[in-house]
There are 2 protein chains.
Amino acid sequence: MKLTILGCHSATPRINTNPTSQVLEINNHIFLIDCGEGTQVELRRNKVKFNRIKHIFISHLHGDHYFGLIGLISTFRLLTRETELHIYAPKGLKELVTLQMKLANSWTNYQLIFHELTSHEPELIFEDEKVAVYTIPLDHRIYTNGFLFKEKPGLRKLDMNAAIEADIDMAYFNKLKQGFDVENNKGKLVKNETVTKDPPEPRSYAFCSDTAYNEKLVNNILGVTALYHEATFLEKHEKLTIPTKHSTAKQAASIAKQANVGTLILGHFSTRYDNLDLFKEEAQTVFKHVELAKDGKVFSF
Amino acid sequence: MKLTILGCHSATPRINTNPTSQVLEINNHIFLIDCGEGTQVELRRNKVKFNRIKHIFISHLHGDHYFGLIGLISTFRLLTRETELHIYAPKGLKELVTLQMKLANSWTNYQLIFHELTSHEPELIFEDEKVAVYTIPLDHRIYTNGFLFKEKPGLRKLDMNAAIEADIDMAYFNKLKQGFDVENNKGKLVKNETVTKDPPEPRSYAFCSDTAYNEKLVNNILGVTALYHEATFLEKHEKLTIPTKHSTAKQAASIAKQANVGTLILGHFSTRYDNLDLFKEEAQTVFKHVELAKDGKVFSF
């Protein structure tokens, strides 16, 4: 699982900072999460192959989270993309993109499939054999979802020596990997756990931006490997979190602690701060495993 | 008259090139012309004060000419702008921007005034004491206008020595500057041209992007100081100008020659070309005074 931060600042693009966008590579998928203005350039800068992006997840319709999307959709057409593209976003985006295309007398050569989100409960929005993606309802000024990316448990690992010693025919190895007990060549039942090992712990990533501090979030992200939680403000500006429905670093850390996550990644920093190290310092008074997002930074889990 | 090129490439933004946008400073105005994705960052890079932009001219609703506009409008609000903003653009943009604001549950603190363009004839769209701006109908795949920025003739220059020698009272000097003949202290009529000189030649700038080669353009840009004319293609790709309704460098030069302009600036280069010098070479086989636009380049006239 590899997470590339394309942009992690609030508000609008500046010469050296970008609004929210990130790329999650998980089990051979390249998921694009949010798409602020300039994302297509950051994708190029970070050498992400455009054609491998098949699913784009948009948290909410504030500009710093999606103004780069229409440009990307247009670019895909110019590059004669044929691969279908799925967009998971709040209701309204489809109408907007359709209007923009109508005004440009334009279209897409590829299938553009909108999955319009309206639910205020977590829902499964994508699934294949290895990965599932759920929405995480967030508490912001407009309808907003975070996204939970979960690997499914893999096959059990066969202990080859133990299996041979137990005299099990190769034909049963797949059944063993799937967790079943099997009979050996002598007709004796062999317990699965004596010849297999647990698969690696499935990894999971929760993206939560933008949101006020809200403990309802905790249950939806329990034990994730990594949590990206917005931290727009430092503690001295905590009162700004109320009208804006954003969070402080310390509030993000409190959520991380209650949810017992592996690593907390902070982002969506207000552009008023020069020294971002303070975000880490303040968060670490509550929760130890804190990282700061940074444009261009890559996290591997 | 100072022209700053923010972006001059066709299609979409890349790491080192930007789509169309330029800033024209003329008689204390800062006019923004087109606004491709990333324009707000380029404005910052080129140190253009956001608050001085009061008029934005959008040629047409292909994304590489306006996808940066909504971000700029949002940024203006975040910066608590109070100055009103006029946008001159094809009909449709107002509906789009209004929908985007509705979806974000957002607004502007400043007055946002749309001047929706629909005419296929040149029309006066802005005027004050010193400058007038006209549309220039262009020939593209969708409804498109260029823009003609014209200084008005200034006051005549008083030849102070000649005026004193002619025994004219100071009270008449303003009348002289306005071009009138006046009586001197002895009651004798003094011809204006004997005590004044012509004002500097009014300067003018024509922005013409995007357009197919079309000689109807010539009459609308006769004798301009500088003409920006798109040159998407080199001659070897001339056949592409027909379906795309773009021009070659040589076609742009032919328009410049017929219109007897001062300087031709080429831009809107297709990103397929590495060596842009060829655009200048090909154009100069037809018209001598050719310059190449370049992101960040400043032209003074």
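Values in this document were obtained by computation on a predicted structure and should not be read as measured data. Order of the sequence lines fixes the chain letters, A, B, ..., with proteins taken first and strands second; residue numbering starts at 1 for each chain.
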Please state whether the side chain, the backbone, both or neither of [X] comes within less than 4.5 Å of a heavy atom of chain A.
X	answer
B/Gln100	both
B/Ile142	side chain
B/Thr75	both
B/Tyr143	neither
B/Leu78	side chain
B/Thr39	backbone

Once you round to the nearest 0.5 Å, how far does [atom1] of [X] lie from [atom2] of [Y]?
X	Y	atom1	atom2	result
B/Leu103	A/Lys91	CG	NZ	10.0 Å
A/Ile15	B/Gln40	CD1	CD	11.0 Å
A/His60	B/Asn105	NE2	CG	11.5 Å
A/Met101	B/Leu61	CE	CG	14.5 Å
A/Ile70	B/Tyr66	CD1	OH	6.5 Å

> Is B/Thr12 close to A/Arg44 at the side-chain level, that is, under 4.5 Å between some pair of heavy atoms?
Replying inline: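 Yes, side chains in contact.
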
> More than 12 heavy atoms of other residues, nucleotides or ligands under 6.0 Å from CG of A/Asn16: is that the case?
Replying inline: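 Open: at most 12 neighbouring heavy atoms sit under 6.0 Å from CG of A/Asn16.
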
>> Does B/Lys294, at its NZ atom, have more than 12 non-hydrogen atoms belonging to other residues, nucleotides or ligands within less than 6.0 Å?
In response: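 No, the 6.0 Å shell around NZ holds no more than 12 heavy atoms from other groups.
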
> Do you know which of B/Pro19, B/Gly71, B/Ala11, B/Gly63 has the most heavy-atom pairs with chain A at a distance under 4.5 angstrom?
Replying inline: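 Among B/Pro19, B/Gly71, B/Ala11, B/Gly63, the one with the most close pairs to chain A is B/Gly71.
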
